[in-house]
Amino acid sequence: QVQLVESGGGLVQAGGSLRLSCAASGRTFSRYAMGWFRQAPGKEREFVAAISKSGGDTYYADSVKGRFTISRENAKNTVYLQMNSLKPEDTTVYSCTAGGVIATKATRYDYWGQGAQVTVSS
């Protein structure tokens, strides 16, 4: 079992930056690939970014490529999502997730956090 807790969400103006953090419980964090997804009310969950167990591989959705950066610190059991040049359309709830392999599909992940709200004002 892995428990994930996100933090760092909030309200920011368009063009601004936020950094989301996701802290994982347990001593097996380095065994999991990690991902970030987002989901607006009434819409399907959308892939944002993912990182491999070692941090050597990363995937990004086209909509965030060049603006968002995913990283991890295995010694701190934490994964981050640095979000720059934020746009109003980035407004939604962001959730971190853990799974056995790096992937872009939500069904490939096993554990999910409760989510953090990000709101970008125009």
Side-chain angles (χ1 to χ4, degrees):
Q1 281 280 348
V2 176
Q3 292 185 325
L4 304 172
V5 179
E6 300 95 338
S7 61
L11 173 65
V12 65
Q13 288 189 333
S17 299
L18 281 175
R19 188 176 80 157
L20 299 179
S21 299
C22 174
S25 65
R27 294 180 288 180
T28 59
F29 180 71
S30 61
R31 296 182 184 178
Y32 293 96
M34 301 296 295
W36 287 96
F37 286 74
R38 61 190 183 185
Q39 187 171 22
K43 293 189 176 182
E44 290 189 358
R45 189 171 278 167
E46 177 190 10
F47 169 74
V48 176
I51 190 166
S52 61
K53 300 171 186 179
S54 67
D57 291 319
T58 55
Y59 297 165
Y60 294 95
D62 288 342
S63 59
V64 307
K65 201 171 293 183
R67 299 189 298 124
F68 290 11
T69 302
I70 189 171
S71 62
R72 66 189 296 163
E73 287 190 79
N74 286 348
K76 294 185 177 181
N77 284 12
T78 303
V79 63
Y80 306 97
L81 186 67
Q82 177 67 43
M83 303 183 292
N84 299 329
S85 302
L86 282 160
K87 305 174 181 180
E89 50 264 43
D90 294 318
T91 294
T92 190
V93 175
Y94 288 72
S95 298
C96 72
T97 185
V101 295
I102 186 173
T104 61
K105 292 185 177 181
T107 53
R108 299 299 300 274
Y109 290 90
D110 302 309
Y111 304 101
W112 293 85
Q114 82 288 353
Q117 176 69 44
V118 170
T119 303
V120 184
S121 63
S122 57

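Keep in mind that the numbers below use all heavy atoms, side chains included, and drop hydrogens, waters and symmetry copies. Just so it is clear, the structure is predicted and the values come from calculations on it, not from any experiment.
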Next on the checklist: For a quick test of reading the model, state the closest non-hydrogen atom pair linking K76 to T78 and the distance between them.
Outcome noted: O-OG1, 2.8 Å
Next on the checklist: For Q3, is the CD atom crowded, meaning more than 12 foreign heavy atoms sit under 6.0 Å from it?
Outcome noted: no
Item to check | Distance (rounded to the nearest 0.5 Å) between K87 NZ and S122 OG | outcome: 14.0 Å
Checklist entry - Roughly how far apart are T28 OG1 and Q1 CD, rounded to 0.5 Å? => result 10.5 Å
Item to check | Flag, side chain of K53 to backbone of G100, donor-acceptor distance under 3.5 Å | outcome: yes
Next on the checklist: If you compare all heavy atoms of Y109 against all heavy atoms of A50, which two are closest, and at what distance to 0.1 Å?
Outcome noted: OH-CB, 3.4 Å
Next on the checklist: Clusters formed by hydrophobic residues whose side-chain heavy atoms approach within less than 4.5 Å: which one holds I51, and what are its other members?
Outcome noted: V2, L4, V12, L18, L20, F29, Y32, M34, W36, V48, Y60, V64, F68, I70, V79, L81, M83, L86, Y94, Y111, V118, V120
Next on the checklist: Show the nearest heavy-atom pair for residues S85 and S17, with the distance to one decimal.
Outcome noted: N-OG, 4.4 Å
Checklist entry - Of all heavy-atom pairs between A14 and P88, which one has the smallest distance, and what is that distance? => result CB-CD, 4.1 Å
Checklist entry - So, does T92 use its side chain to make a donor-acceptor pair with the main chain of A40 at under 3.5 Å? => result yes
Checklist entry - Applying the 4.5 Å side-chain criterion to the ILVMFWY set and letting contacts propagate, would Y80 and I102 be lumped into a single cluster? => result no
Checklist entry - With sequence neighbours left out, what residues match D90 under side chain to side chain donor-acceptor pair (under 3.5 Å)? => result R38, R67
Checklist entry - Is the backbone N or O of G115 less than 3.5 Å from a side-chain atom of E6, with the two atoms forming a donor-acceptor pair by type? => result yes
Next on the checklist: Looking at every heavy atom in both S30 and R72, which two are closest together, and how far apart are they?
Outcome noted: CA-NH2, 4.0 Å
Checklist outcome for this item: Sorted by chain and number, sequence neighbours left out, ring-ring contact (aromatic ring centres under 6.0 Å, His included) with F47 holds for F37
Next on the checklist: Quick check for you: to the nearest 0.5 Å, what is the distance between R19 atom CZ and T69 atom OG1?
Outcome noted: 11.5 Å
Item to check | S63 and E46: CA distance, side-chain angles, deciding distance, side-chain contact (heavy atoms from CB on, under 4.5 Å) verdict | outcome: CA-CA 10 Å; S63 59; E46 177 190 10; 3.7 Å; yes
